[in-house]
Asks: 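A single structure is presented below for examination.
Ligands are counted one by one from 1 in listed order, and the atoms in each one are counted from 1 as well.
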Amino acid sequence: MQLRMGLVGCGPRQRQHMTALRQVPELKVAACVDIDAQRLQDFGQAYGLGPGQRFRTVGDMLAAEHIDVATVVTSPRVRLEIVQVLAQGGVRAILVEKPMALELEDAYQMLRVCTDAGIQLMVNHQYRFLPFVGAIREALASDSLGKIEYVRTTCPMNLHAHAVHMIDLANYLVGDEPLEWVLGNVGGTGAFASKHPGPDSAIATFAYRNGIRLHLECGPQSPRSDDRAKLHLYIEVVGDRGRAWGGIDSGYRIVTGGAAPREMRDLWSTGQTVAQVALFRHIVQTVVDQRADENLCRASLGVRTIEAVIGTMQSALEHRIVSLPPQVPPGYLEQVRRTLTGVSGA
Ligand SMILES: NC(=O)c1ccc[n+]([C@@H]2O[C@H](COP(=O)([O-])OP(=O)(O)OC[C@H]3O[C@@H](n4cnc5c(N)ncnc54)[C@H](O)[C@@H]3O)[C@@H](O)[C@H]2O)c1
């Protein structure tokens, strides 16, 4: 069975998705949408989508094409609006890129409209499907790492850019146990003007409900411990019998008591596409089988990353441990920006 796809946003990330989609024949790209006419034309020409398959708005696409699955690969600022139109337009599933949203209320609203419409909503946290993550999961499942004591992760980009990915990955490695609280601090305002608005840097300790701690450091000061890496996105799982360490684009090492260390290098060239292909195949399976509750990227899990980053900011502003999910007023990110930049009336 083939599902018809509509691609919203024709930027560089959607082009990466096309590389993966070419390996998933069950997903047929039927249409693309971009508000930018030049990007739309270039994308259509590059991937063989004729003028009749290119649209300037999501509404126009839905009026002309039957779409089963839509990907929303735009700036996070406009995602809610797009998801609302898609949800009313009869699609079966929507995959939004990370970060799911900038504001918590937008993330909750997306979940609500899709749940009400009976649509499967997912967040593109493809790191769950990276081969090295599978190796760490196997080590955990076979108990060779023992009981997890803590997870630590670092990345040079900010909370909404890459930390959401790393928090999601940590969540996956601890079995999607819910986060209970966070104590964090944030600093720097340069990134508020970027594609991923928010403080430049953050440090945070999170507690999962089962007591495991997650230690996060993100921002330009974060460690660069491998010369071969470009992204420097690291995750470490420390158990009472072993340790697994992985850099998303550098390699992993699993060390367990007695056994020789397992090591693999240079994962990036193949790993990214492998992970994205696996995610798309997983979507096909859960949409066709109508098993949204089994989708590893379901938005009810993805939303926890936004709760975690907003909770970190609230902890920093209020100088206290914040229970998760955080309770914040609408527009909280803007409040954080005003506070950090010292704008009066914040
Ligand atoms: N999962 C990952 O590993 C990964 C990697 C890279 C980027 N991303 C995410 O993907 C998203 C997009 O990244 P990008 O670099 O391609 O961004 P981009 O801003 O360069 O491209 C987004 C495109 O969306 C279009 N757009 C904006 N509003 C629109 C609307 N209302 N309707 C239709 N099109 C609209 C823009 O014109 C633009 O062409 C970001 O959220 C980014 O964080 C994820």
Asks: When rounded to the nearest 0.5 angstrom, what is the spacing between CG in L49 and CZ in F55?
Replies: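 Reported value, rounded in 0.5 Å steps: 10.0 Å.
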
Asks: For V336 and P199, work out which heavy atoms get closest and say how close.
Replies: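 Taking V336 first and P199 second, the nearest heavy atoms are CG1-CG, 4.4 Å.
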
Asks: Could you check, using the six-membered ring where one of them is a Trp, whether Y234 and W245 have ring centers closer than 6.0 angstrom?
Replies: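 Under 6.0 Å, so yes.
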
Asks: Go ahead and list the nitrogen or oxygen contacts between ligand 1 and the protein that come in under 3.5 Å, distances to 0.1 Å, or just say none.
Replies:
residue	atom	partner	partner atom	Å
ligand 1	1 (N)	R13	NH2	3.3
ligand 1	1 (N)	E97	OE1	3.0
ligand 1	1 (N)	Q126	OE1	3.1
ligand 1	1 (N)	H165	NE2	3.1
ligand 1	3 (O)	Q126	NE2	2.8
ligand 1	3 (O)	H165	NE2	3.1
ligand 1	15 (O)	K195	NZ	2.8
ligand 1	16 (O)	P12	N	3.4
ligand 1	16 (O)	R13	N	3.0
ligand 1	17 (O)	K195	NZ	3.3
ligand 1	20 (O)	R39	NH1	3.0
ligand 1	20 (O)	K195	NZ	3.2
ligand 1	21 (O)	R39	NH1	3.1
ligand 1	37 (O)	D34	OD1	2.6
ligand 1	39 (O)	D34	OD1	3.4
ligand 1	39 (O)	D34	OD2	2.6
ligand 1	39 (O)	R39	NH1	2.9
ligand 1	41 (O)	T74	O	3.4
ligand 1	41 (O)	R79	NH2	3.1
ligand 1	41 (O)	K98	O	3.0
ligand 1	43 (O)	K98	O	3.1
ligand 1	43 (O)	K98	NZ	3.0
ligand 1	43 (O)	H196	NE2	2.6

Asks: Would you please indicate if the ring centroids of H17 and F280 are separated by under 6.0 Å?
Replies: yes

Asks: Which heavy-atom pair separates M122 from A93 by the least distance, and what is that distance?
Replies: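 Shortest heavy-atom separation between M122 and A93 comes out as CE-CB, 3.8 Å.
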
Asks: Is the number of heavy atoms from other residues, nucleotides or ligands within 6.0 Å of CD (Q327) greater than 12?
Replies: no

